[in-house]
Protein chains: 2
Amino acid sequence: MNEAFQALGDPTRREILRLLRKRDMTAGEIAAQFPLARSTLSGHFNTLKHAGLIVAEKSGTSIVYSLNVSALEQTAAAVMELFDVGRNGKRARR
Amino acid sequence: MNEAFQALGDPTRREILRLLRKRDMTAGEIAAQFPLARSTLSGHFNTLKHAGLIVAEKSGTSIVYSLNVSALEQTAAAVMELFDVGRNGKRARR
DNA sequence: TCGGTATTTCGCCAACCACCGAAATAATGG
DNA sequence: CCATTATTTCGGTGGTTGGCGAAATACCGA
């Protein structure tokens, strides 16, 4: 969970997730969208994969990345838990 | 928004938010809950404040911190936006 | 105004992070 | 088996970050 938040802390990584929201893409396709070295993007993929936010699958000579929706759901739930259910009724609803 | 995610990336800061979820607290009260130097905690307060996640209000010689619920709501919404509304219907619902 | 309590600001340091280019690995086509 | 294409791993660098103790600031009560 900690790793997921840290992963989301970088704009490039959030943009990668945004791209994958539309469709699965290969590492090269994703890298082509950024003015960064491929090795740099590869590092971001690794971070996101480690955080469980994306999934990699080999396809021939390429690697296809896709969103792990349930991990993102859990992360959103964790943020909500941070402000929801204040125990003494002070901000119980919403 | 970027700052909010980075702020949530640190476990100590998330714990601070968790404490403030229960009730507003002074800097000293919060600091007493951690095995860290007050100056270190002060830095965390600053980060959270800068990210808009908490609000500070002077009260005599103390400073009372409280959650900024709406900022946390927006952050949760941003996470959800990352996996929700895939435009081509692939994962349109949920 | 002085002393005390609460909090922040200020160097400082070690660890981490994003970035790069170059070299290494993996898989396909010929 | 070799060349090509896709991707990762490696070594290095500058900038950021979390931690500290000490000094500075702010406010109150006597």
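Both backbone and side-chain heavy atoms feed into the values below; hydrogens, waters and symmetry mates do not. This one's a predicted model, so the numbers in the text were calculated from it and none came from an experiment. All chains are named by letter (A, B, ...) in the order of the sequence lines, taking the proteins before the strands, and each is independently numbered beginning at 1.
Contact annotation for P11(B): no contact, since no heavy-atom pair falls under 4.0 Å across all strands. Within the 4.0 angstrom heavy-atom criterion, only backbone atoms of the sugar-phosphate kind lie near T26(B); the bases stay farther away. Nucleic acid contact for S62(A): sugar-phosphate only, since backbone atoms but no base atoms lie under 4.0 Å from a heavy atom of the residue.
Atom pair L48(B):CG and dG18(D):C1' shows a separation of 13 Å (rounding to whole Å applied). Separating the CZ atom of F34(B) from the P atom of dC20(D) is a distance of 12 Å, rounded to the nearest angstrom. Remark: C1' of dA6(D) and NZ of K58(A) are 11 Å apart, rounded to the nearest angstrom. In this entry the distance linking CD of E29(B) with C1' of dA6(C) reads 12 Å, nearest Å. Going from atom CZ of F45(B) over to atom C1' of dG19(D) covers 15 Å, rounded to whole Å. In this entry the distance linking CD of E57(B) with C1' of dA6(C) reads 16 Å, nearest Å. Atom P of nucleotide dC27(D) and atom CD1 of I63(B) are separated by 9 Å, given to the nearest angstrom. Atom NE2 in H50(A) sits roughly 11 Å away from atom P in dT9(D) (whole-Å rounding).
Between D10(A) and Y65(B), the residue anchored nearer the 5' end of DNA chain C, judged by the nucleotide with its closest heavy atom, is Y65(B).
You'll find the side chain of F5(A) stays beyond 4.5 Å of the side chain of Q6(B), heavy atoms only.
Judged by distance alone, the side chain of R13(B) and the main-chain N or O of L8(B) form no donor-acceptor pair under 3.5 Å.
When each of dC20(D), dA27(C), dT8(D) is scored by its nearest atom to the side-chain atoms of T61(A), the top-ranked nucleotide is dA27(C). The A37(A) side chain lies nearest to dG21(C) when the options are dC20(D), dG21(C), dT8(D). In this structure, the nucleotide among dT7(C), dC19(C), dA22(C) sitting nearest to the side chain of S39(A) is dA22(C). Considering only side-chain atoms of L36(B), the nucleotide from dC20(D), dT8(D), dC19(C) that sits closest is dC20(D). The nucleotide whose nearest atom lies closest to any side-chain atom of H44(B) is, among dG18(D), dT9(C), dT8(D), dG18(D).
Within 3.5 Å, no donor on the side chain of T40(B) pairs with an acceptor on the base of dG18(D), nor the reverse.
At least one side-chain nitrogen or oxygen of R13(B) sits closer than 4.0 Å to the OP1 or OP2 atom of dG18(D).
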task: Apply side-chain contact (heavy atoms from CB on, under 4.5 Å) to I30(B) and F45(B), showing your working.
output: CA-CA 10 Å; I30(B) 299 172; F45(B) 298 152; 3.8 Å; yes
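Applying side chain to side chain contact (heavy atoms under 4.5 Å, CB included) to D24(B) and the options L67(B), I54(B), V64(B), L19(B) leaves one that passes, V64(B).
The hydrophobic cluster containing L82(A) does not contain V55(B), counting ILVMFWY residues as joined when their side-chain heavy atoms lie under 4.5 angstrom apart, directly or transitively.
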